[in-house]
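Down below is the structure, laid out as structure tokens.
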Amino acid sequence: MNYINFDKTKVFKKLLEYSQKTAFNFKYILDAARVEKCIAPMAGGLKYSWAAKAVNEECVHLLQELANEQELIAKYKELLNGEIINTGEKRKVLHQLLRGELGQPVMEDKKDIGKFYRKELERFCRFANDVHSGKFAGSKGKPFNTVVQIGIGGSDLGPRALYLALDNWAAAEGKKKMDAKFISNVDPDDAAQVVSSCSLDKTLFILVSKSGTTQETLANELFVKNKLKKAGLDASKHMIAVTSETSPLARNSEYLDSFYIDDNIGGRYSSSSAVGGCILSLAFGAQVFKEFLEGAAEADRLALDEDILKNAALLDALIGVWERNFLKLPFTAVLPYSQALSRFPAHLQQMDMESNGKRVNRNGEQINYSTGPVILGEPGTNGQHSFYQLLHQGTDIVPLQFIGFTESQRGDDVNVDDSTSQTKLAANLAAQIVAFAKGQDNEDRNKEFPGGRPSSLIYGKKLTPFVLGSLLAHFENKVMFQGFVWNVNSFDQEGVQLGKVLTKKVLSGDYGDGALEAFSNMLRGYAARPPAGPPTAS
């Protein structure tokens, strides 16, 4: 397989020349015919509309050429077949395998990894059923009605976003089994607030740490265990672990059970594993989680299509590359018009920025072009009354990714001024797409909207577990394809390590740096050691 830097490809020069000569502006040709034509199919009945993107047929042709030259589908197949894709850590990348086999069986040390993942899936699904049946109960014999996940980063953001996405749906469908809560921040106020909101004798905790050594997570675990002890409860009857088989949490008598992932599953890609599966199966039932996996698996299959107009994840990725590298747009806003997806942008922020926020290629060599964009977002219509001002009339153009549905999850609505709230939500979304695209002329410059602000739209009927799986996998695969284009390793995260190292220095008192010691003392609430004299230039 030919892994080369993006700017060394033949099509890079073609795209650069095209971007310099073209004055294509979709705002002047965006009409009903373009809206109906510029649609790519997605899994779960979703569709991807790129009508309001600054892309025409000539650009699409070049993007297809880019996909072919960088062998994006072939590289995806290598990943599925278990090749070492995470070059920094010399690991496979197997989160798609959690959803089903799309390539050949993946072996490691004579172990069939797919079978291992399926075994763990059935184990934690069976455990969830046993909790719901009352086979497992708290140390005072009371059935569990609440589950709390203790984790940080990918052990929190993805599972939290998915739980919130399905909570209303599950309540409406009679699928809600348990309430779920999350503790992530090492700030003790986070754990204190969550614990105080629970009946501890009826609460089950999930400790999530692949290594079993995550500092913030272990601190929160001790906080919770202390509270359980003070309440006269046996912590070992109220806690399970999600970890690796080699961590100190594995097969540990301090937990009811332990469920396993391995180093081939990155934290931000772990929602399809026990990291997301345990809490979602406990909250909504094992079958709901399996439906979510089925939706993701269907999206993974569609992502194998060589034709970018039939492969929404690939098309989305390539348009993003066009915007980042040739239109020179450094941001992307994810704007779901669905309250259920309130924390989805936060999850995508980690997934995208931790994956492709890289300045060296897969071999550790510095690259000379831009990579991952800054991701931001909130559910709108809230955003409309907040940061849309900058998006509409600011000096920077920010590409937008809208998500919307024609039906609410609960179906509980009210008719006001001849339209329901869901209708008003959809009207706002349609209006924003066109407003961003076409803008508005006005003699009063304060009321002038320049337009030409590109957006895509993912839309469907209703957000269900299957649809949610499709949506998650779409973005995972988009990020993967962009990483292949840029020739970066999208599956390590060395950028988070330096802060951890310096934190340990602070906690040990072995600072090794005067500024580090001074800031540490400042934040501990007492004065830093006064300097011996005035600062001097070095």
Charged N to carboxylate O under 4.0 angstrom, [X] versus [Y]?
X      : Y      : answer
Glu69  : Lys10  : no
Arg123 : Glu120 : yes
Lys210 : Asp262 : no
Asp179 : Lys176 : yes
Lys92  : Glu83  : no
Lys175 : Glu173 : no
Arg301 : Glu101 : no
Lys37  : Glu57  : yes
Arg99  : Glu476 : yes
Asp316 : Lys478 : yes

Salt bridge (Lys or Arg N to Asp or Glu O under 4.0 Å): pairs with one or both residues in residues 323-352, sequence neighbours excluded: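 Every salt bridge (Lys or Arg N to Asp or Glu O under 4.0 Å) pair that includes a residue of residues 323-352, provided the two are not neighbours, is Lys53-Glu323.
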Side-chain donor or acceptor of Asp31 paired with backbone N/O of Ala33 under 3.5 Å: yes
State the CD1-OH distance between Ile403 and Tyr48, to the nearest 0.5 angstrom. 11.5 Å
What distance separates Arg118 CZ from Lys115 NZ, expressed to the nearest 0.5 Å?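 Nearest 0.5 Å value for the CZ-NZ distance: 7.5 Å.
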So, [X] versus [Y]: side-chain donor-acceptor pair below 3.5 Å or not?
X      : Y      : answer
Asn361 : Asn5   : yes
Ser419 : Lys424 : yes
Asn86  : Glu89  : yes
Asp156 : Gln149 : no
Asn168 : Arg410 : yes
Ser490 : Ser355 : no
Gln432 : Asn428 : no

Does Trp50 have its ring centroid less than 6.0 Å away from the ring centroid of Phe26?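 Between Phe26 and Trp50, which both carry aromatic rings, the centre distance is not below 6.0 Å.
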Compute the ring centroids of Tyr260 and Phe116, then answer whether they are less than 6.0 Å apart.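 No; Phe116 has its ring centre 6.0 Å or more from that of Tyr260.
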Report the residue from Asn2, Leu15, Ile4 that forms a side chain to side chain contact (heavy atoms under 4.5 Å, CB included) with Thr9. Ile4
Name each donor-acceptor pair under 3.5 Å that joins a side chain in residues 279-292 to protein atoms two or more places apart or in another chain, with its distance.
| unit_1 | atom_1 | unit_2 | atom_2 | d |
| --- | --- | --- | --- | --- |
| Ser281 | OG | Gly277 | O | 2.7 |
| Lys290 | NZ | Glu122 | OE1 | 3.3 |
| Lys290 | NZ | Glu122 | OE2 | 3.2 |

Over 60° means perpendicular and under 30° means parallel, so classify the ring planes of Tyr337 and Tyr388, tilted if in between. tilted
Anything under 30° is parallel, anything over 60° is perpendicular, the rest tilted; go ahead and classify Phe12 against Tyr369. tilted
Of all heavy-atom pairs between Gln493 and Glu354, which one has the smallest distance, and what is that distance? CB-CG, 3.5 Å
Looking at Arg362, Lys90, Lys358, Arg91, which hits salt bridge (charged side-chain N to carboxylate O under 4.0 Å, His left out) with Asp492?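 The salt bridge (charged side-chain N to carboxylate O under 4.0 Å, His left out) with Asp492 is passed solely by Lys358 among Arg362, Lys90, Lys358, Arg91.
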Enumerate the ring pair (Phe, Tyr, Trp, His ring centres under 6.0 Å) contacts for residues 75-109, please, sequence neighbours excluded, ordered by first and then second residue. Tyr76-Phe481, His95-Tyr269
